[in-house]
2 protein chains.
Amino acid sequence: MLSKKAKYAVKALLALAERGGEEPMRIADLARQEQIPQKFLEAILLSLRNHGMLQSRKGKGGGYLLGRDPKAIYLGQIVRLFDGPLAPVPCASQTAYVRCQDCQDEATCGVRLAMKDVRDATARILDGTSLSSLRRRVERLTPARARRG
Amino acid sequence: MLSKKAKYAVKALLALAERGGEEPMRIADLARQEQIPQKFLEAILLSLRNHGMLQSRKGKGGGYLLGRDPKAIYLGQIVRLFDGPLAPVPCASQTAYVRCQDCQDEATCGVRLAMKDVRDATARILDGTSLSSLRRRVERLTPARARRG
DNA sequence: ATATACTCTAGTTATTAGATAGACTATATC
DNA sequence: GATATAGTCTATCTAATAACTAGAGTATAT
């Protein structure tokens, strides 16, 4: 399951990517636009900032903007930041391997074999999808009238 | 994350598949062999039985055995039974779709698009892996000396 | 009969997700 | 340099759930 935190983070980043440019967006506006509880969003944005995916400006005219090129922000990073490793089981994780206590012989554990496949497939997708590539996909699906309006 | 329940279920089923045949295996033996808390395992096995993946025999000489051909028991069924839909987000589920409350336009939601890909990839793996195919994979990895021993 | 072994109901405990409150700090602008 | 603006930080709170446990009940083989 994707946590709300991770989901909100992706939504917020996508919104900021869509906006683009140098104009920061206020938390309150982001929260309203994306239907996210503001105080909850604040913590999420802060965390994204502390990991370089966002930058912030205080005071009047302040707010948040992307911390780097949206081509270089991948869903995998976002999801790992909030939800931990992608693997369904710690012993199948590439980035945060942990041995299982139960498990006679890890090398021939069926659960691990299957879950490693799931992890790999998930990582291929999430580490292969950047904010900008996801934006492009969304754009292609958006009806022309909605884009004009 | 895969729950312990789902993990134990797969391990138990795999052990019973390996055993094969008509001889039932006692809960206590299964629990010891697979390092699973017995009372916890009891509930899991019962659930698997109630969904046709196992059958049971009471009394002396009783225990559990597979409810059908291991070629027809897929990881996807097991995981869904204990952990619910495979999709990381309910709006991306094929088998248990639920709309999100937040979400202006579902058709162009970036989160949903990406998570649908993850779901599809996961389903392709788990619904494509049966107990017997997984067993075969494990066997191929088992060193010859372990098989002889 | 009786021992065996599964079945069922009802807990317990610890952790975490999701959200909220409020004080604090930096900055733009007049 | 006062003041409004807007992000930053700490501390909680609550409800839900995962993981596990206890114990009485029921069916079956011998």
Side-chain angles (χ1 to χ4, degrees), chain A residues 1-12 16 22-51 53-67 79 81-85 88-90 100-102, chain B residues 1-12 16 22-51 53-67 79 81-85 88-90 100-102:
Chain A
M1 252 308 239
L2 192 74
S3 70
K4 293 277 171 100
K5 270 186 191 169
K7 181 184 173 187
Y8 293 159
V10 174
K11 286 193 142 192
L16 291 171
E22 268 297 297
E23 281 289 276
M25 188 171 181
R26 281 181 306 177
I27 298 178
D29 293 338
L30 243 181
R32 197 172 326 106
Q33 179 183 311
E34 299 299 326
Q35 311 266 41
I36 302 169
Q38 175 164 345
K39 274 297 191 180
F40 196 40
L41 181 60
E42 285 180 11
I44 294 166
L45 296 177
L46 203 50
S47 187
L48 288 169
R49 188 199 86 123
N50 291 337
H51 287 80
M53 289 184 257
L54 288 178
Q55 39 182 295
S56 60
R57 292 203 195 131
K58 284 186 169 183
K60 184 161 194 185
Y64 275 102
L65 30 78
L66 292 185
V79 172
L81 175 57
F82 294 102
D83 295 354
V89 110
C100 312
Q101 311 85 316
D102 66 301
Chain B
M1 253 307 240
L2 193 74
S3 71
K4 293 276 170 95
K5 271 187 190 168
K7 182 184 173 186
Y8 293 159
V10 174
K11 286 193 143 192
L16 290 171
E22 269 296 295
E23 282 288 275
M25 187 172 184
R26 283 181 304 178
I27 298 178
D29 293 338
L30 243 181
R32 197 172 328 104
Q33 179 183 310
E34 299 299 326
Q35 311 266 39
I36 302 170
Q38 176 166 344
K39 275 296 192 180
F40 197 39
L41 180 60
E42 286 181 10
I44 293 165
L45 297 177
L46 204 49
S47 186
L48 288 169
R49 188 199 87 123
N50 291 336
H51 286 80
M53 288 183 259
L54 288 179
Q55 37 180 299
S56 61
R57 293 203 194 132
K58 284 186 170 184
K60 186 163 192 185
Y64 276 102
L65 31 78
L66 290 187
V79 172
L81 174 58
F82 294 103
D83 295 355
V89 110
C100 311
Q101 309 85 316
D102 66 303

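Proteins come first, then strands; the chains are lettered A, B, ... in the order of their sequence lines, and each starts at number 1.
- Qualifying side-chain contact (heavy atoms from CB on, under 4.5 Å) partners for A:M1, counting only residues two or more places apart in sequence or in other chains: B:P90.
- Where B:G59 and A:A43 each meet DNA chain C at their nearest nucleotide, the meeting point lying more 5' is that of B:G59.
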**Item:** Nucleotide-resolved protein contact map, nucleotides 8-15 of chain D, B/S/- at heavy-atom distance under 4.0 Å
**Value:** BB------
**Item:** Trace of the side-chain contact (heavy atoms from CB on, under 4.5 Å) decision for B:K11 with B:Q35
**Value:** CA-CA 10 Å; B:K11 286 193 143 192; B:Q35 311 266 39; over 6 Å; no
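- At whole-Å resolution of the value, CZ in B:R32 and P in C:dA5 are 11 Å apart.
- Between the CG atom of B:L48 and the P atom of C:dC6 there is a distance of 14 Å, rounded to whole Å.
- Residues passing the side-chain contact (heavy atoms from CB on, under 4.5 Å) test with B:Q38 are B:I27, B:A28, B:A31, B:E42, sequence neighbours excluded.
- To the nearest angstrom, C1' of C:dG18 lies 17 Å from CD of A:Q35.
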So which protein nitrogen or oxygen atoms get under 3.5 Å of nucleotides 13-16 of chain C's nitrogens or oxygens?
none

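- Here the closest heavy-atom approach between residue B:A6 and residue B:D83 is recorded as CB-OD2, 3.5 Å.
- Contacts of A:I44 classified as side-chain contact (heavy atoms from CB on, under 4.5 Å), with partners at least two apart in sequence or in another chain: A:K5, A:Y8, A:A9, A:F40, A:L48, A:F82.
- For DNA chain D, the stems formed by at least three consecutive Watson-Crick or G-U pairs, with both atom-pair distances below 3.5 Å, span C:1-30 with D:1-30.
- Side-chain atoms of A:K60 lie closest to D:dT5 of the nucleotides D:dT5, D:dT21, C:dT4.
- In this structure, B:S56 and B:Y64 have side chains that are in contact, with non-hydrogen atoms separated by less than 4.5 Å.
- Using a 4.0 Å heavy-atom cutoff across all strands shown, B:F82 reaches no nucleic acid atom at all.
- B:K7 places a side-chain heavy atom less than 4.5 Å from the side chain of A:C100.
- Using a 4.5 Å heavy-atom threshold, the side chains of B:L30 and B:I36 count as separate.
- Between B:Q38 atom CD and D:dA22 atom P the separation is 12 Å, expressed in whole Å.
- Looking only at side-chain heavy atoms (C-beta outward), A:R57 and A:E22 come within less than 4.5 Å of each other.
- D:dA19 atom C1' lies 8 Å from atom OH of B:Y8, rounded to whole Å.
- Rounding to whole angstrom units, CG of residue A:L41 and C1' of C:dG18 are separated by 13 Å.
- Closest heavy-atom contact between A:P24 and A:L65: N-CD2, 3.8 Å.
- The side-chain heavy atoms of A:L2 and A:V10, taken from C-beta on, include no pair separated by under 4.5 Å.
- With rounding to the nearest 0.5 angstrom, the CG atom of A:L16 is 8.5 Å from the CD atom of A:E34.
- What separates CE of A:M1 from P of C:dA17 is a distance of 12 Å, to the nearest Å.
- Taking atom CD1 of B:I36 as the reference point, atom C1' of D:dT21 lies 16 Å away to the nearest angstrom.
- Set against C:dG18, C:dA19, D:dC20, the side chain of A:S3 has C:dG18 as its closest nucleotide.
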